[in-house]
There are 2 protein chains.
Amino acid sequence: MKRHQVTIIDIAKELNLSKSTVSRALTGHKSVKPETRQAVLELAEKLDYQRNMLAISLITKKTNTIGIIVPEFKSSYFPTAIIGAQEVASKAGYTTVICQSDERYETEVANTRVMLANQVDGVLVSITKETLNYDHLKIFQRKGIPIVFFNRVCDEMEVPKVIVDDYDGAYRAVNYLIESGRKRIAHLAGPFSLKISEKRINGYKAALRKHNVPYDEELLISYDLNIEKVKIYVTHLLNLDNPPDAIFAVNDPTAIEAIQVIRKRGLRVPEDIAVVGFSNDFVSGLIDPPLTTVSQPVREIGRTAAQLLIDQINREVADWKTIIKVLKTELVIRKSS
Amino acid sequence: MKRHQVTIIDIAKELNLSKSTVSRALTGHKSVKPETRQAVLELAEKLDYQRNMLAISLITKKTNTIGIIVPEFKSSYFPTAIIGAQEVASKAGYTTVICQSDERYETEVANTRVMLANQVDGVLVSITKETLNYDHLKIFQRKGIPIVFFNRVCDEMEVPKVIVDDYDGAYRAVNYLIESGRKRIAHLAGPFSLKISEKRINGYKAALRKHNVPYDEELLISYDLNIEKVKIYVTHLLNLDNPPDAIFAVNDPTAIEAIQVIRKRGLRVPEDIAVVGFSNDFVSGLIDPPLTTVSQPVREIGRTAAQLLIDQINREVADWKTIIKVLKTELVIRKSS
DNA sequence: CTGTTAGCGCGTTCAT
DNA sequence: ATGAACGCGCTAACAG
């Protein structure tokens, strides 16, 4: 556990120079004699010297680190978004610290503490389905640390957000179902605590309205995204006196699980019931039947969010923007509908 | 960009105490008068005070951070392993810094620098398919920073490793294919640079040998895991004068892609050609036909690796162990074979 | 129980 | 072109 770190002092001694000179040589200051710099650089290389970012950050008050807090890693959504964010961040010289909150509010709060303690320069956040109180996130604002939401956003905070047009995506999905002859379309929705659920519900309702399909409360089920419960809800829907002939699911895992349940009941997809998902997860094209779904530019969402965050970091607090970027979705029609 | 951080001094002044007392109160030292501690804690809470881990780490030379370097995020494998690792790490009070190297050697080297500069207490590594030189990883050892490999390990470094019994998994998969009547079994293998490829190839060959099935060079194709190339190789195999009646793929994405190619040629899986994968990715049970595959305890791998790493961190360098944990695989038989 | 002093490794003045 | 001195926020001796 006792390790010796190579420091500037070590190489200063070795070369009979002052620490400041070595420091300057290392940081690429011009006012250093070329041969001195050369010698320093060589020795540093030879000794595997690495600048201690902790010390530097302590002085500069900048860690060149951005934090990313996401609710889960189960679907391909967040890993993909993170890749996008990292692309932009690392190009701009930022390291990323990733925390996943496991869809639990308490964990999310703990994660924010970690971020704060590690002095991140900014955070990218997608909240859990449990998050109703935002005090832990507002701390960032108060401390002058920019925050950008993506996907699961917090409405009561005026900060940049990156979302997709959930309303429009849902609208188009349901519209398509109706136009292909479906009469009773159920919606397995997400929890009301998430804005995305609400918007998708609104899109769903709007599409029904447009075609004068009466909205039937019985066919709208909002649930907590705990995938195990899908079975209960789908079974319930199938047992209705007047069961649906289509299900629009709030996301792909829900849709996929719904298909399994439907098939176990001996019904066919899409002949008996059409199923449409949301997000176009990596798996969706591979399952049987391939899933019709609303595709989101996930990687682009990550990239955009990271870019907005870095822009904020480079701005004075007074100049912070509250842009909301709304990216487009696209309906991908496959065999499940 | 100019933010004011709340420091111990701020709260010391406010309370007319010395910094050390405040510090002690904050760190839960016993030798502090209860009411003093109470006052400190309350004010800290009120001011959103967060201990500056940078400063603490600088002194204690411990960041309570472990780095994780993985090659990719495309399949569910690494995200799942990371969740396992985080479970253990966070329980032990460690934050994780995750870097993905995008299967590129250069990126991996850059990532190690990031880890070093940020003074991680230890690293978990799974190398890229390009990594042939390990100097960048040996630096950790030289600096006394423990390293633990998982999945994609480095043979020439004597450090803890967590792997599965690749040889055995491959052996059982191929054995099963032969016993279910397949005569010509091809193997779409990974690059030779990865130990896991080699071991799976050996398992493949051993199973053939056991059943006196002659090994045919033509049926063994090692490729770089660039999924786009699967089409070429599978097409090639199908065009052979004596084409295979089964394909054992080095991983699930390869197997899944192979199935798509086979079907596009108008052949049936498993009737014409059986396909078996490796890893049991999340998708594998959902695709059509559900994939027979060798399942790995991925999350457990992550947990084990993290635990080994933390053990190393808590040991003196001289006491470092070089345990190699070999976890068991399991053949999951589904419809593709 | 509390205060004082000395650094951790480094960038940054201000000198020379 | 280089050195000396100071301080980032904090913990860890050492004193009472």
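Protein chains get the first letters and strands the later ones, always in sequence-line order, with residue 1 at the start of each. All values derive from a computational prediction rather than experimental measurement.
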Subject >> Expected output: side-chain B/K325 to main-chain B/I301 donor-acceptor under 3.5 Å >> reply: no

Original post:
So what does B/R24 touch, heavy atoms closer than 4.0 Å: a base, only the sugar-phosphate, or nothing?
Top reply: base

Original post:
In whole angstroms, how far is the P atom of D/dA1 from the CG atom of A/L15?
Top reply: 17 Å

**OP:** Give a yes or no on whether a salt bridge exists between B/D48 and A/R142, defined as a side-chain N under 4.0 angstrom from a carboxylate O.
**Re:** yes

Original post:
Base, sugar-phosphate alone, or nothing: which one does B/T27 contact when heavy atoms must sit under 4.0 Å apart?
Top reply: sugar-phosphate

Original post:
For the side chain of A/N52 and the backbone of A/L54, is there at least one donor-acceptor N/O pair under 3.5 Å apart?
Top reply: yes

Original post:
Is there a donor-acceptor contact under 3.5 Å from the side chain of A/S57 to the main chain of A/K62?
Top reply: yes

Original post:
Over how many whole Å does the gap from A/I9 atom CD1 to D/dG3 atom P extend?
Top reply: 14 Å

Original post:
How long is the line joining CG of A/L116 and P of D/dG9, in whole Å?
Top reply: 15 Å

**OP:** Establish, with yes or no, whether the OP1 or OP2 oxygen of D/dG9 is under 4.0 angstrom from a side-chain nitrogen or oxygen of B/Y49.
**Re:** no

Original post:
Per the end-axis method with five pairs at each terminus, what is the bend angle of the helix from C/dC1-D/dG16 to C/dT16-D/dA1, to 10°?
Top reply: 40°

**OP:** Test B/D311 against B/K321 for side chain to side chain contact (heavy atoms under 4.5 Å, CB included), laying out the working first.
**Re:** CA-CA 9 Å; B/D311 291 348; B/K321 310 292 182 201; over 6 Å; no

Original post:
Does the distance from a Lys or Arg side-chain N to an Asp or Glu carboxylate O, for A/E103 and A/R152, drop under 4.0 Å?
Top reply: yes

**OP:** Would you mind telling me which residue lines up with the more 5' stretch of DNA chain C, B/I59 or B/V32, judged by nearest nucleotide?
**Re:** B/V32

Original post:
Which part of the nucleic acid does B/S57 contact within heavy-atom distance under 4.0 Å: base, sugar-phosphate only, or nothing?
Top reply: nothing

Original post:
To the nearest Å, how far apart are B/I56 CD1 and D/dA12 P?
Top reply: 9 Å

**OP:** Figure out the NZ/P separation between B/K19 and D/dA12, and round it to whole Å.
**Re:** 17 Å

Subject >> Whole-Å distance separating the CG atom of A/L26 from the C1' atom of D/dT2 >> reply: 15 Å

Original post:
Across the strands shown, which category fits A/L17 at heavy-atom distances under 4.0 angstrom: base, sugar-phosphate, nothing?
Top reply: sugar-phosphate

Original post:
Starting at CD1 of A/I8 and ending at P of D/dT2, how long is that distance when rounded to a whole Å?
Top reply: 15 Å

Subject >> Residue whose closest nucleotide on DNA chain C lies nearer the 5' end, A/R51 versus B/N16 >> reply: B/N16

**OP:** Taking A/Q312 for its side chain and A/V148 for its backbone only, find out whether a donor-acceptor pair lies under 3.5 Å.
**Re:** no

**OP:** May I ask you to verify if any side-chain N or O of B/T60 is less than 4.0 angstrom from the OP1 or OP2 atom of D/dT11?
**Re:** no

**OP:** Test side chain to side chain contact (heavy atoms under 4.5 Å, CB included) on B/T63 and B/N118 and set out the steps.
**Re:** CA-CA 8 Å; B/T63 52; B/N118 287 293; over 6 Å; no

Subject >> Presence of A/S18 side-chain N/O under 4.0 Å of D/dG3 phosphate oxygens OP1/OP2 >> reply: yes

Subject >> Distance, rounded to the nearest Å, where B/K61 contributes NZ and D/dC10 contributes P >> reply: 18 Å

**OP:** In sequence, state the C-alpha distance, the side-chain angles, and the governing distance for B/M53 and A/Q119, and then conclude on side chain to side chain contact (heavy atoms under 4.5 Å, CB included).
**Re:** CA-CA 8 Å; B/M53 292 310 290; A/Q119 316 283 121; over 6 Å; no

Original post:
What's the verdict on side chain to side chain contact (heavy atoms under 4.5 Å, CB included) for B/T96 and B/I82, showing C-alpha distance, side-chain angles and the deciding distance?
Top reply: CA-CA 9 Å; B/T96 49; B/I82 288 173; 5.9 Å; no

Original post:
Which is the 5'-most and which the 3'-most nucleotide of DNA chain C that has an atom under 4.0 Å from a heavy atom of chain A?
Top reply: C/dG9 to C/dT13

**OP:** Spell out yes or no: do the side chain of A/S20 and the base of D/dA4 have one donor N/O and one acceptor N/O closer than 3.5 Å?
**Re:** yes

Original post:
Base, sugar-phosphate alone, or nothing: which one does B/S31 contact when heavy atoms must sit under 4.0 Å apart?
Top reply: base

